[in-house]
Amino acid sequence: MLKKNLLNLVTHWCPSNILARDGKTKKFCLIILNQPITHVDSFNRLWDNASFRFVADGGSNRIYDAFKHDQRILARYIPDEIRGDLDSIRPEVRSYYESKSVTITKKTEQDSTDFMKCVALLKEKEKELGQTYDIVATPALGGRFDQTIASINLLYMMKDQVERRVILVSDENITILLDKGAHQIHCQSELEGPTCGIMPIGSPATLTTKGLKWDMVDLKCEFGGMVSTSNAIDNDVIEIVTDSPVVWTVEINLK
Ligand SMILES: Nc1ncnc2c1ncn2[C@@H]1O[C@H](COP(=O)(O)OP(=O)(O)OP(=O)(O)O)[C@@H](O)[C@H]1O
Ligand SMILES: Cc1ncc(C[n+]2csc(CCO)c2C)c(N)n1
């Protein structure tokens, strides 16, 4: 390891496990957001690897539209629950999932997005089950910029929940938040890479890394100065030490 934090703790990550075909990933709850499902292969892998599948309001239209060409295929993608303010789900989509006995719950608070309402739903389920699940949300990022920032903000809101991880999966990327401290990211070349980025979105961060094409040594990164974009994985294990939370993103590359 390059450097260690005061407690000598290193956080280990292998986020691309969620896309593995062998289902070796830790249990997670998949939350489907309202963006087009274009990469069906990665969507299928996430669906199959998930323990629960919750849909944020208009995300239901996206599943329906992606698979409606074949009723048998459509019937393979029945979520556990649809939740949100329900201003986006189309009537025929609602009827379809109601006919499949899916619980559809309306929540109208005006301070939380429908993505956040699905996170609240998971917390309710966890209380019942006495177990915590990681969260994988897809298709996340892209589309409306305010929604994209709301999803990144959710990573920051959840960062102190040390028992769970939150992973955003967009068409081309896996994105997570690394809290201040030392991290090892285990990369799988059959699932991800080569391009990656480390972005100090919440505040400036001083970074030391090992395993990247452009490594950093005590380098201050900040908006208005250096932000490590278009970097590349150069080793199976990436080591990162940061004094503030940073966003890690890596390109999906299924082989
Ligand atoms: N245009 C978009 N770009 C990126 N993400 C989106 C977009 N629209 C929706 N989402 C994500 O999908 C979730 C469900 O979307 P929904 O169908 O409720 O649309 P919305 O009513 O515009 O969203 P919200 O009510 O959460 O502001 C949102 O909470 C957000 O995380
Ligand atoms: C300061 C502030 N800015 C924006 C909103 C609006 N808003 C944020 S999340 C949400 C729910 C969307 O379904 C809405 C309407 C707010 N409440 N407070």
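Counting convention: from 1, in listed order, for ligands and their atoms alike.
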**Study point:** Distance from atom 25 (O) of ligand 1 to nearest protein heavy atom, with residue and atom
**Key:** D114 OD2, 3.3 Å

Review point. Would atom 3 (N) of ligand 2 count as contacted, meaning some protein heavy atom under 4.0 Å?
Key: no

Exercise for review: Kindly say whether the aromatic ring centers of Y77 and F67 come within a distance under 6.0 Å.
Suggested key: yes

Point to revise | M116, portion touching ligand 1 at heavy-atom distance under 4.0 Å | key: neither

Practice item. Examine the side chains of E192 and S16 and answer whether a donor and an acceptor come within less than 3.5 Å of each other. Key: yes

Practice item. Would you please say whether a donor-acceptor pair under 3.5 Å links the side chains of Q188 and N17? Key: yes

Check your understanding: Closest non-hydrogen protein atom to atom 29 (O) of ligand 1, residue and atom name please, with distance?
Key -> F115 N, 3.0 Å

Exercise for review: Report yes if some heavy atom in the side chain of K107 is under 4.5 Å from a heavy atom in the side chain of M116; otherwise report no.
Suggested key: no

Check your understanding: Which atoms of ligand 1 are found less than 4.0 Å from any heavy atom of D85?
Key -> 25 (O)

Review point. Of the protein's non-hydrogen atoms, which lies at the shortest distance from atom 12 (C) of ligand 2, and what is that distance?
Key: S112 O, 4.1 Å

Exercise for review: Give yes if a backbone or side-chain nitrogen or oxygen of D111 is under 3.5 Å from a nitrogen or oxygen of ligand 2, and no if not.
Suggested key: yes

Point to revise | Verdict with reasoning, R53 to W47, per side-chain contact (heavy atoms from CB on, under 4.5 Å) | key: CA-CA 7 Å; R53 295 126 187 138; W47 186 275; 3.5 Å; yes

Practice item. Give the contacting part of S88 toward ligand 1: side chain, backbone, both or neither, where contact means a heavy-atom distance below 4.0 Å. Key: side chain

Point to revise | Ion pair E128/K123, N-O distance below 4.0 Å | key: no

Point to revise | atom 27 (O) of ligand 1 - nearest protein heavy atom and its distance | key: Q147 NE2, 3.2 Å

Practice item. Look at ligand 1 and say whether G142 reaches it with a heavy atom at a distance under 4.0 Å. Key: yes

Review point. What part of L141, side chain, backbone, both or neither, has a heavy atom within less than 4.0 angstrom of ligand 1?
Key: neither

Review point. Can we say K125 and E81 salt-bridge, meaning some charged N sits less than 4.0 Å from an Asp/Glu carboxylate O?
Key: yes

Point to revise | For D85, atoms of ligand 2 separated by under 4.0 Å from a heavy atom | key: 13 (O)

Review point. Quick check: does Q110 get an N/O under 3.5 Å from an N/O on ligand 2?
Key: yes

Review point. Does the side chain of F115 reach to within under 4.5 Å of the side chain of L154, using non-hydrogen atoms?
Key: yes

Practice item. Would you check the N or O atoms of L33, main chain and side chain alike, for any that come under 3.5 Å of an N or O of ligand 1? Key: no

**Study point:** Atom indices of ligand 1, in the order listed, that fall short of 4.0 Å to a heavy atom of G143
**Key:** 3 (N)

Practice item. Indicate yes or no: does K106 engage D57 in a salt bridge with an N to O separation below 4.0 Å. Key: no

Study note, to complete from the structure: Going by the 4.0 angstrom heavy-atom rule, the piece of T148 near ligand 1 is neither

Point to revise | Contact bool for atom 15 (C) of ligand 2 (protein heavy atom, d < 4.0 Å) | key: yes

**Study point:** Those atoms of ligand 1 less than 4.0 Å from some heavy atom in N34
**Key:** 6 (C), 7 (C), 8 (N), 9 (C), 10 (N), 11 (C), 12 (O), 13 (C), 14 (C), 15 (O), 16 (P), 17 (O), 19 (O)

Review point. Regarding T108 and D85, is there a side-chain donor-to-acceptor distance under 3.5 Å anywhere?
Key: no

Study note, to complete from the structure: In this structure, atom 3 (N) of ligand 1 is nearest to the protein heavy atom R144 N, 2.8 Å

Review point. Which residue supplies the protein heavy atom nearest to atom 21 (O) of ligand 1, what is that atom called, and how far is it?
Key: D87 OD1, 3.4 Å

Review point. Among all protein non-hydrogen atoms, which one is nearest to atom 2 (C) of ligand 1, and what is the separation to 0.1 Å?
Key: Q35 NE2, 3.0 Å

Check your understanding: Salt-bridged, D134 to K26, with N to O below 4.0 Å?
Key -> yes

Point to revise | Option passing side chain to side chain contact (heavy atoms under 4.5 Å, CB included) with L178 (candidates L155, V246, I198, V241) | key: V246

Point to revise | From E92, E98, R94, K100, residue fulfilling side chain to side chain contact (heavy atoms under 4.5 Å, CB included) relative to Y96 | key: K100

Exercise for review: Kindly indicate whether atom 10 (C) of ligand 2 is approached by any protein heavy atom to under 4.0 angstrom.
Suggested key: yes

